[in-house]
Protein chains: 2
Amino acid sequence: MADHVDRVLEQWARERPDLDTSPMGVIGRLGRLSRLIDAELRRTFAAHGLDHASFDVLATMRRSGPPYRLNPAELMRSAMVTSGAITQRLDRLEARGLVARSPSETDGRGVHVTLTEEGRALIDRVLPDHLATEHRVLSGLTDNRQGELAGLLRELLESLGDRGH
Amino acid sequence: MADHVDRVLEQWARERPDLDTSPMGVIGRLGRLSRLIDAELRRTFAAHGLDHASFDVLATMRRSGPPYRLNPAELMRSAMVTSGAITQRLDRLEARGLVARSPSETDGRGVHVTLTEEGRALIDRVLPDHLATEHRVLSGLTDNRQGELAGLLRELLESLGDRGH
DNA sequence: GTTGGATTGCTTAGCGGTGAGGTACTTTTT
DNA sequence: AAAAAGTACCTCACCGCTAAGCAATCCAAC
């Protein structure tokens, strides 16, 4: 029983036995899983005319609850992308009528982003499909193993400073 | 003790209590970790004039062992990117003299990619720094926890068909 | 042999991201 | 009150990847 990363570690052990390559057992696998899963999720998004970036914004707005209004800065922190990326995401979504931008009343620099009725309808339509895909992707692990995994990932995230808010 | 994804799950539980969003506990965290870790690794690569894509090719060639020769197709499978991406990676590396391309003697379609002496020297210079960074990134978990995590990630990868070779 | 399907690597348009920088506004300092 | 520092969002040049398509070659079945 060996996956791609096991082969990689074998190769390193042969070529550079002087180095401790064990961290690759975690980080290499995280990278590969991320790519594999993203490719899988992409198909579901595409089936609804979306991509990961657009889905991410719509989902973030939707789960914020009524009145479905956030700032670009909040979206930026949630998505962990730069401000330029958020501007462009919002440009695309606004052009499709899925979100609307309006100036903040209290801060002359600020902008309100609001989910339109169409945007809300779309994300609520995509969500069940998306969750079914995620469920399927993880179906190789029992619920218990999934829980263990989530716990370890949370530990690591917290150690890297990924606190909520 | 709650990370960003815990907040997300709380929001979904409030807004869409009808949906089972538990898979996000794993997949959402995988995505965030991947972004955080990539950003961290990027700094080490940049300090040596590299990016993730270039490092990946050089490392794959290096660990393949003498004579440090692979095909674009093998690099493609290892990196999980499209053939166009590999072509472009090789263009960049070749322009810098870090790899060399030559036609295959046995297959008219094929190309040999070889690590140049400069390429080998560079990757051997970067590797210790890179591993130190990876080690530091994981230092929030004990060795045992890292091992558990690697095991769970391998289980998931195998269930998704990521066999070695 | 010939034919038809794989396979190999390259090309290119388009997309989404970064990073540096800019403008406008707010907050803090003095 | 004025100056300085910080914040919010946008702009734009550049970069790497995908996806679709192409030409060349291999190989397996007839």
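Hydrogens, waters and symmetry mates play no part in the numbers below; they use all other heavy atoms, side chains included. Convention: sequence-line order gives letters A, B, ...; per-chain numbering from 1.
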Inset, instruction - Assess whether side chain to side chain contact (heavy atoms under 4.5 Å, CB included) is satisfied between A/L70 and A/L115, documenting all intermediate values. - result: CA-CA 9 Å; A/L70 294 172; A/L115 198 58; over 6 Å; no
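Taking atom CZ of residue A/R77 and atom P of nucleotide D/dT7, one finds them 11 Å apart after rounding to whole Å. Between the CD atom of B/E40 and the C1' atom of C/dT18 there is a distance of 17 Å, rounded to whole Å. For the pair A/D56 CG and C/dG17 P, the computed distance is 9 Å after rounding to whole Å. Taking atom CZ of residue A/R89 and atom C1' of nucleotide C/dT18, one finds them 12 Å apart after rounding to whole Å. To the nearest angstrom, C1' of D/dT7 lies 16 Å from CD1 of A/I86. Distance NE2 (B/H112) to C1' (C/dC10): 18 Å, rounded to an integer number of Å. In this structure, A/M76 atom CE and D/dT7 atom P are separated by 11 Å, rounded to whole Å. Look at CG on B/L70: it is 11 Å from P on C/dG9, rounded to the nearest Å.
In the model, A/S78 has a side-chain atom that pairs as donor or acceptor with a side-chain atom of A/R63 under 3.5 Å. Side-chain contact check for B/S22 and B/D20: at least one donor-acceptor pair (N or O, by modelled atom type) lies under 3.5 Å.
In terms of phosphate contacts, B/R101 brings a side-chain nitrogen or oxygen within less than 4.0 Å of OP1 or OP2 of C/dC10. OP1 or OP2 of C/dG17 sits under 4.0 Å from a side-chain N or O of A/R92.
Heavy-atom distances to DNA chain C give each of B/Q88 and B/A73 a nearest nucleotide, and the one nearer the 5′ end belongs to B/A73. With the nearest nucleotide of DNA chain D identified for both A/R35 and A/N71, A/N71 has the one nearer the 5' end.
Side-chain N/O atoms of B/R109 and base N/O atoms of C/dT7 include a donor-acceptor pair closer than 3.5 Å. In the interface, the side chain of B/S83 is paired with the base of C/dC10 through a donor and an acceptor atom under 3.5 Å apart.
Classification of the A/H130-A/F55 ring pair by plane angle, with boundaries at 30° and 60°, yields tilted.
Summarising the geometry of B/T114 relative to B/P67, their closest heavy-atom pair is CG2-O, 3.9 Å, with the distance given to 0.1 Å.
Across all strands, A/G108 comes closer than 4.0 Å only to sugar-phosphate atoms, never to a base (heavy-atom distances).
With D/dC10, C/dG17, D/dG16 as the choices, the nucleotide that has an atom nearest any side-chain atom of B/A53 turns out to be D/dG16. Checking D/dT18, C/dG17, D/dG16 against every side-chain atom of B/D51, the shortest atom distance belongs to D/dG16. For A/D107, the side-chain atoms get nearest to C/dC25 when compared with the rest of C/dG17, D/dC10, C/dC25. In the set C/dG9, C/dG19, C/dG17, C/dG19 carries the atom at the smallest distance from any side-chain atom of B/R42.
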